[in-house]
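All remarks here apply to the structure that follows.
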Amino acid sequence: MKNTISAELPKISRRKFLVVSAAAGGGLALGFNLPFGVGSAAAQSAAEAAEVNIWVVVKPDDTCMIRIARAEMGQGTLTGLAQLVAEELECDWNKVRTEQITAGQNLARKRAWGDMSTAGSRGIRTSHDYVRRGGAAARMMLMQAAANEWNVPVTDLQVANGVISHAGSGRSTTYGKVAAAAAKLTPPDPKGIKLKDVRNWKIAGKPLRRLDTADKLNGQKIYAIDLKMPGMLHATVKNCPVFGGKLASFDDSKVKGMPGVKGVMKINDTTVAVVADTWWRAKKAMDALPIVWDEGPHAKVNSASIAEHLKSGLTSNDAFADIDTGDAPKAIAAAAKKIEAVYSVPFTSHTPMEPMNCTVKLSPDKAEIWIPSQSLEASLAALSSASGQPLEKCEAYVMDLGGGFGRRIGNQDVVRQGVAIAKAFPGVPVKMVWTREEDQAHDFYRPIAQCRLSAGVDEKGNLAGLHLRVSGQSINAFANPAAIKDGKDRRQLQGLWPEPHDAQIGYTHANLRTEYAMRNTHLPVGPWRGVNTNQNGIFLECFMDEVAKLANRDPLEFRRSLMSERPKHLAVLNAAAEKAGWGKPLPKGVHRGIAQFMGYASYSAAVAEVSVSAKGEVKVHRCVFALDCGNVVNPDQTAAQIEGSVAYGMTTLLSEISVANGRVVETNFHNFRVMKIAEMPKVEVVLPLTHDFWGGVGEPTICVVVPAILNAIHAATGKPVRSLPLSKQGLTLV
């Protein structure tokens, strides 16, 4: 038989498919074979095994190497993507291994693996289709290779756990034995591949153990901060403590003679670096280095002046309305009862356990970087730009991230700093690691915001109108000005959009108005595990409890009355309430709070059980979550992600990033408190999945955990919590 896939499948040339897939934004270029970089893990596997297609490499011992294009930062994407490929591949899960591809490999193959960024809960939800097709295509090619060997129709074959069998003759073979022949076949058209119904999954959708856990437990996992290379030098940096200021001068004569110091240099207008034979020696020299800063025009800015700046946006004429149905202000003015409140949330840092770092090696004909990046292709582009080497002579290797949360997705400041330092040491790998203080003081913070909300209810306790205005800093104004159209930045109203599919508001009403007034500061801002959804979730959901109390109605029942046109929002709200036993008696002193919200194409709701002592000590006993993300690849990991969002969200109850004399005050864990394990509540999860869409997991539930807790505190004390952290209300978490 011919070395082709069965004629029942549409044919397409490699060249044509590559062009089509590239035009579609990157995808599957199945079977397009080019050698990997010498010395890479992929090169080693290619030398001893057969690349069936870009997603699957099979070794003679039947090990299936599944290639991963997204970053792993603890969220489980590596295992989830491997499950999706393995499901369609029909391999033995016990023989699955993974390997990360590099940005250079993706570039050399015309972005065959597609988007490599990992943010916005998109790692699986935007790649599930084409990675599954990659696994299915590899399975079809392996089966066809067996059919060719036996000279039988491929339709007469079966496969399970990587073993191909022919019932008619009793013959069987394994993937490892036919992989080399399969690699020579023309790949199928991915559009002609019928994927499995998710309800029939055997590997995907199951609570399988993560593939990367063992290395973490036995100490074999190497993060970028752990990287060691022959002849490596170490560097650390110090930036101007006031954003917008500059480096005026430094006296390197004071530290050049210190043990191990190899160099002190200005690497840009705001930053100085010290290089030594160990990082600790570089750090100690930096501590001793006399530096003069030109602090610039923002040296007198403080948190109070920033708050006043935002306050002006609550009543200004420069806001724009995103939703404007009926006449909310008029309806509220005419209502039998009315209420107005102003909520505020502070700047917050990402605080990953692994500080910013990278290792750079610059040779005459190549630039390389090892980096924990959420956007490896962006890191490659920054490496090329900063080093002056063309993209094809650059390579970026992703390392598992010791926390990302959005900090490592956009701005490539670390790459540019690392390259600037490495230029002084050609041919030598230089590992640059920030101190914790630099990491805290030079973050791209979650934006600060205030929100004024007003509402009215009629004599029957029904909502008459709702008016909401957010005043706060814009991420797009800092990072992507082109996304702001006519001065309107809708991103800051994320979760309050009228459109479905991504971050739709959960309520509809005849008189509803949502607005945004842009008020930027000198601090840089960026994505922060949920970004604006977790702020807007607090604003809307805490105020809804206030309105329900004004209407003398149960918070759950009041919400339900506004959600008839939002069935998926309502379903998760009901699921959380049922799981939590809403309305049933609680132990004395314990109170419940509830919240719902949508973000990253998923619907979430939470119920929190909280007690507050006479001393203001807040104890969160239990949190119940309902999440509809359409489909789940690994339910255990989904639950773990939700648990992580609880810990991350509850930290915002404890800490803030404040500003004094233009600079960040909270520079380490002594004054930026993160939640302790003893403060973690019991977390329960229910997944009322509808299986008709693909939503995110990592970020959606963080936008309901805090308002649910705050609403429980409101129920316990009778006083709403309108600003964070809790210390501003005389409360503390225990």
Side-chain angles (χ1 to χ4, degrees), residues 28-89 91-109 111-118 123-124 127 130-132 134-135 137-138 162 175-176 179 182-183 203 208-216 220-224 226-227 368-374 376-377 379-380 395-401:
L28 292 173
L30 301 173
F32 184 76
N33 294 300
L34 286 178
F36 286 98
V38 176
S40 69
Q44 294 169 15
S45 68
E48 63 189 47
E51 178 185 290
V52 182
N53 63 24
I54 63 169
W55 300 104
V56 178
V57 173
V58 181
K59 294 186 177 183
D61 65 358
D62 301 323
T63 297
C64 290
M65 300 294 296
I66 295 177
R67 292 183 177 142
I68 306 297
R70 307 281 182 157
E72 177 59 59
M73 48 188 153
Q75 82 280 35
T77 291
L78 183 149
T79 301
L81 289 173
Q83 284 182 258
L84 289 172
V85 174
E87 179 64 51
E88 295 290 344
L89 181 60
C91 63
D92 183 348
W93 178 253
N94 293 318
K95 296 182 178 180
V96 166
R97 304 293 183 268
T98 64
E99 62 182 15
Q100 297 275 167
I101 65 163
T102 70
Q105 291 162 2
N106 201 25
L107 176 66
R109 299 176 79 152
R111 298 192 74 235
W113 284 276
D115 185 7
M116 297 183 72
S117 66
T118 311
I124 286 177
S127 60
Y130 61 78
V131 302
R132 290 158 68 200
Y175 278 176
I203 296 175
L208 303 181
R209 289 180 294 181
R210 287 179 54 156
L211 298 174
D212 57 343
T213 299
D215 285 350
K216 294 178 181 178
Q220 291 184 343
K221 174 65 67 179
I222 302 297
Y223 293 90
D226 304 317
L227 188 65
E368 298 174 280
I369 188 167
W370 292 260
I371 185 169
S373 174
Q374 291 180 247
L376 197 62
E377 291 178 295
S379 296
L380 181 74
E395 186 57 282
Y397 309 94
V398 69
M399 311 291 288
D400 280 11
L401 286 61

- Apply the side chain to side chain contact (heavy atoms under 4.5 Å, CB included) test between I101 and each candidate in Y397, W113, W55; give the one that qualifies. W113
- Does E72 use its side chain to pair, donor to acceptor, with the backbone of T77 at less than 3.5 Å? yes
- Of the non-hydrogen atoms in V57 and A49, which two are nearest, and what is the gap between them? CG1-CB, 3.5 Å
- Starting at CG of L84, measure out to CD1 of I124 and round the result to the nearest 0.5 Å. 5.5 Å
- Query: Charged N to carboxylate O below 4.0 Å: is that the case for R109 and E51?
  - Reply: yes
- Query: Do you know the tightest heavy-atom contact between V398 and A71?
  - Reply: CG2-CB, 4.4 Å
- Item | L401 to Q374 - nearest heavy-atom pair and separation | CD2-CG, 3.5 Å
- Item | Distance-minimising heavy-atom pair for S379 and S373 | OG-OG, 2.8 Å
- Closest heavy-atom pair, A396 versus T102, reported as atoms and distance to 0.1 Å, is O-CB, 3.4 Å
- Message: Given 3.5 Å as the limit, does a donor-acceptor pair link the side chain of D215 with the main chain of Q220, or not?
- Response: no
- When rounded to the nearest 0.5 angstrom, what is the spacing between CD1 in I371 and CG in L227? 12.0 Å
- Message: Could you go through D62 and D92, starting from their C-alpha distance and side-chain angles, then the distance that decides it, and tell me whether this counts as side-chain contact (heavy atoms from CB on, under 4.5 Å)?
- Response: CA-CA 8 Å; D62 301 323; D92 183 348; over 6 Å; no
- Task: Looking only at non-hydrogen atoms, find the nearest pair between V96 and A86 and report the distance.
- Result: CG2-CB, 4.3 Å
- Rounded distance (nearest 0.5 Å) linking atom CG of N106 with atom CZ of R67: 11.5 Å
- Message: For the backbone of A103 and the side chain of E377, can you confirm whether one donor and one acceptor N or O come within less than 3.5 Å of each other?
- Response: no
- Query: Does any N or O in the side chain of Q100 come within less than 3.5 Å of the main-chain N or O of R70, such that one atom is a donor and the other an acceptor?
  - Reply: yes
- Task: Mark yes or no for whether D400, through its side chain, and I222, through its backbone, hold a donor-acceptor pair below 3.5 Å.
- Result: no
- For G104, does its backbone N or O pair with a side-chain atom of E395 as donor and acceptor, under 3.5 Å? yes
- Note on the structure: Rounded to the nearest 0.5 angstrom, the CG-OG1 distance for L78 and T98 is 4.0 Å
- Using modelled atom types only, decide if a donor and an acceptor are shared between the side chain of Y175 and the backbone of L89 within a distance under 3.5 Å. yes
- Message: When you measure from the side chain of T79 to the backbone of L211, do you find a donor-acceptor pair of N or O atoms at a distance under 3.5 Å?
- Response: yes
- Item | Residue list, ring pair (Phe, Tyr, Trp, His ring centres under 6.0 Å) with W93, at least two apart or on another chain | none
- Message: For the CE atom of M399 and the CD1 atom of I369, what is their distance to the nearest 0.5 Å?
- Response: 11.5 Å
- Check whether any side-chain N or O of D226 sits under 3.5 Å from a backbone N or O of Y223 as a donor-acceptor pair, and report yes or no. yes
- Is there a donor-acceptor pair under 3.5 Å between the side chain of R210 and the backbone N or O of G74? yes
- Query: Say you draw a straight line from OH of Y130 to CG of D115; how long is it, rounded to the nearest 0.5 Å?
  - Reply: 6.0 Å
- Message: Between L81 and I66, does the side-chain contact (heavy atoms from CB on, under 4.5 Å) criterion hold? Intermediate values first, please.
- Response: CA-CA 9 Å; L81 289 173; I66 295 177; over 6 Å; no
